[in-house]
S.K.: 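This structure is in structure tokens; I'll ask about it shortly.
When reading the values below, keep in mind they use all heavy atoms of this one structure, side chains included, and skip hydrogens, waters and symmetry mates.
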Amino acid sequence: MEELYSVKLSKVIQEFALEELHLPDSAESIDITCSRVNRPGLQIVGFYDYYEQARLQIIGKVENMYLSKMTKKDRLLKLDDFFKTQPAGVIYTSSLPVEKEIIALAEKYRVPLLRTTKSTSDFMAALIAFLNVEL
């Protein structure tokens, strides 16, 4: 049987000085078990084949811009479908604004929602390196 390694979300938050927008539980009690991350552009348009909910999901400027072009109704429907999958966590990059409706979805589906000031590429590279060492 393969041993499952994990890192506490609190360690990720501390390492990257992430802003906590919503935590369903103590960050110390939330385990991250996957070293791979995902930018959920395809999931936002409804494609969930090969989607791994254990991955941390990174929403950067591209995903945010795409979402902003949708009507509010469509945006909330797509994001509801996405948050319903209960990803390990969602991290907004580049200090992007996060609408109160998105925070409400994170609360509804008990998904950790975080934000960083770092750019998407820089943050993803550092996060993947960190998770590879930790896991």
S.K.: So that I can tick it off, tell me whether E101 and R75 are bridged by a salt bridge, with the cut-off set at under 4.0 angstrom between side-chain N and carboxylate O.
M.R.: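 No, this pair does not count.
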S.K.: Rounded to the nearest 0.5 Å, how far does CZ of F82 lie from CG of L67?
M.R.: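 Taking CG in L67 and CZ in F82, the distance rounds to 9.5 Å.
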S.K.: Quick check: closest heavy atoms across T116 and F16, and the distance to 0.1 Å?
M.R.: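 What the structure gives for the nearest pair is OG1-O, 4.4 Å.
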S.K.: For atom NZ of K11, is the number of surrounding heavy atoms from other residues, nucleotides or ligands below 6.0 Å larger than 12?
M.R.: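 Open: at most 12 neighbouring heavy atoms sit under 6.0 Å from NZ of K11.
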S.K.: Between atom CG of L105 and atom NZ of K84, what is the distance when rounded to the nearest 0.5 Å?
M.R.: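 So the gap between those two atoms works out to 10.0 Å.
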S.K.: Check the pair Y48, T85 against side chain to side chain donor-acceptor pair (under 3.5 Å), reporting the backbone distance first and the verdict last.
M.R.: CA-CA 10 Å; Y48 285 90; T85 68; 5.6 Å; no
S.K.: Does the side chain of I102 reach to within under 4.5 Å of the side chain of V90, using non-hydrogen atoms?
M.R.: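 When only atoms from C-beta onward are counted, V90 and I102 do not touch, as no gap falls below 4.5 Å.
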S.K.: Give the cluster check for L56 versus L23: same hydrophobic cluster or not, with ILVMFWY residues linked at side-chain heavy-atom distances below 4.5 Å.
M.R.: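 Looking at the clustering, L23 is in the same group as L56.
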S.K.: Please report the closest heavy-atom contact between A54 and A88, naming both atoms and the distance.
M.R.: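 Smallest heavy-atom distance, with atoms named: O-CB, 3.3 Å.
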S.K.: Go through it in stages, so that I can follow the logic: the residues are L76 and M70, the test is side-chain contact (heavy atoms from CB on, under 4.5 Å), and I'd like the CA-CA distance, side-chain angles, deciding distance and then a yes or no.
M.R.: CA-CA 9 Å; L76 292 177; M70 294 179 172; over 6 Å; no
S.K.: For the residue pair L135 and I32, what are the closest heavy atoms and their distance?
M.R.: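 Scanning both residues, the minimum pair turns out to be CD2-O, 3.6 Å.
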S.K.: Examine V111 and L79 and state if one hydrophobic cluster contains both, with Ile, Leu, Val, Met, Phe, Trp and Tyr joined whenever side-chain heavy atoms are less than 4.5 Å apart.
M.R.: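 Yes, V111 and L79 fall within the same hydrophobic cluster.
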S.K.: Do the side chain of S94 and the main chain of L96 share a donor and acceptor less than 3.5 angstrom apart?
M.R.: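 No, because the side chain of S94 does not come within donor-acceptor range (under 3.5 Å) of the backbone of L96.
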S.K.: I58 and L113: same hydrophobic cluster, using ILVMFWY side-chain contacts below 4.5 Å?
M.R.: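 I58 and L113: separate clusters.
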S.K.: To the closest 0.5 Å, what do you measure between CG (L127) and CD (E134)?
M.R.: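 Atom-to-atom, L127:CG and E134:CD are 11.0 Å apart.
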S.K.: Heavy atoms, side chains only, cut-off 4.5 Å: are I30 and P24 in contact?
M.R.: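 Sidechains of P24 and I30: in contact.
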S.K.: Would you mind checking if K78 and D81 are paired as a salt bridge, meaning a charged N to carboxylate O distance below 4.0 Å?
M.R.: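 No, D81 and K78 are not salt-bridged.
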S.K.: Roughly how far, to the nearest 0.5 Å, is the CD1 atom of I128 from the CZ atom of F123?
M.R.: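 Between F123 CZ and I128 CD1, I get 9.5 Å after rounding to 0.5 Å.
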S.K.: Quick check on the hydrophobic clustering: are L77 and Y66 connected, directly or via other members, by side-chain heavy-atom contacts under 4.5 Å?
M.R.: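 Unlinked, L77 and Y66 end up in two clusters.
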S.K.: Counting C-beta onward and ignoring hydrogens, is there a side-chain heavy-atom pair between P87 and Y51 closer than 4.5 Å?
M.R.: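 Yes, side chains in contact.
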S.K.: I'd like to know whether CD of Q14 has more than 12 heavy-atom contacts from other residues, nucleotides or ligands below 6.0 angstrom.
M.R.: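 For Q14, atom CD is not crowded (no more than 12 foreign heavy atoms under 6.0 Å).
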S.K.: Determine the minimum heavy-atom distance between R55 and C34, stating which atoms define it.
M.R.: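 What the structure gives for the nearest pair is CG-SG, 3.7 Å.
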S.K.: Answer yes if Y109 and Y92 sit in the same cluster of Ile, Leu, Val, Met, Phe, Trp and Tyr residues linked by side chain heavy atoms under 4.5 Å apart, and no otherwise.
M.R.: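 Yes, Y109 connects to Y92 through the hydrophobic network.
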S.K.: Given side chains that start at C-beta, do those of D80 and K108 come closer than 4.5 Å, heavy atoms only?
M.R.: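 Side chain of D80 against side chain of K108, heavy atoms only: contact under 4.5 Å found.
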S.K.: Looking at side-chain heavy atoms only, is the closest gap between E20 and I13 below 4.5 Å?
M.R.: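 Side chain of E20 against side chain of I13, heavy atoms only: contact under 4.5 Å found.
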S.K.: Once you round to the nearest 0.5 Å, how far does OG of S121 lie from CZ of R39?
M.R.: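 CZ of R39 is found 6.5 Å from OG of S121.
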S.K.: Which heavy-atom pair separates T93 from G60 by the least distance, and what is that distance?
M.R.: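 Nearest pair, atom of T93 first, then G60: OG1-CA, 3.3 Å.
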S.K.: As an exercise, state the distance from CD of Q53 to CD of Q86, rounded to the nearest 0.5 Å.
M.R.: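 Q53 atom CD to Q86 atom CD measures 7.5 Å (nearest 0.5 Å).
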S.K.: For P97 and R115, which heavy atoms make the closest approach, and how far apart are they?
M.R.: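 It is CA-NH1, 3.8 Å.
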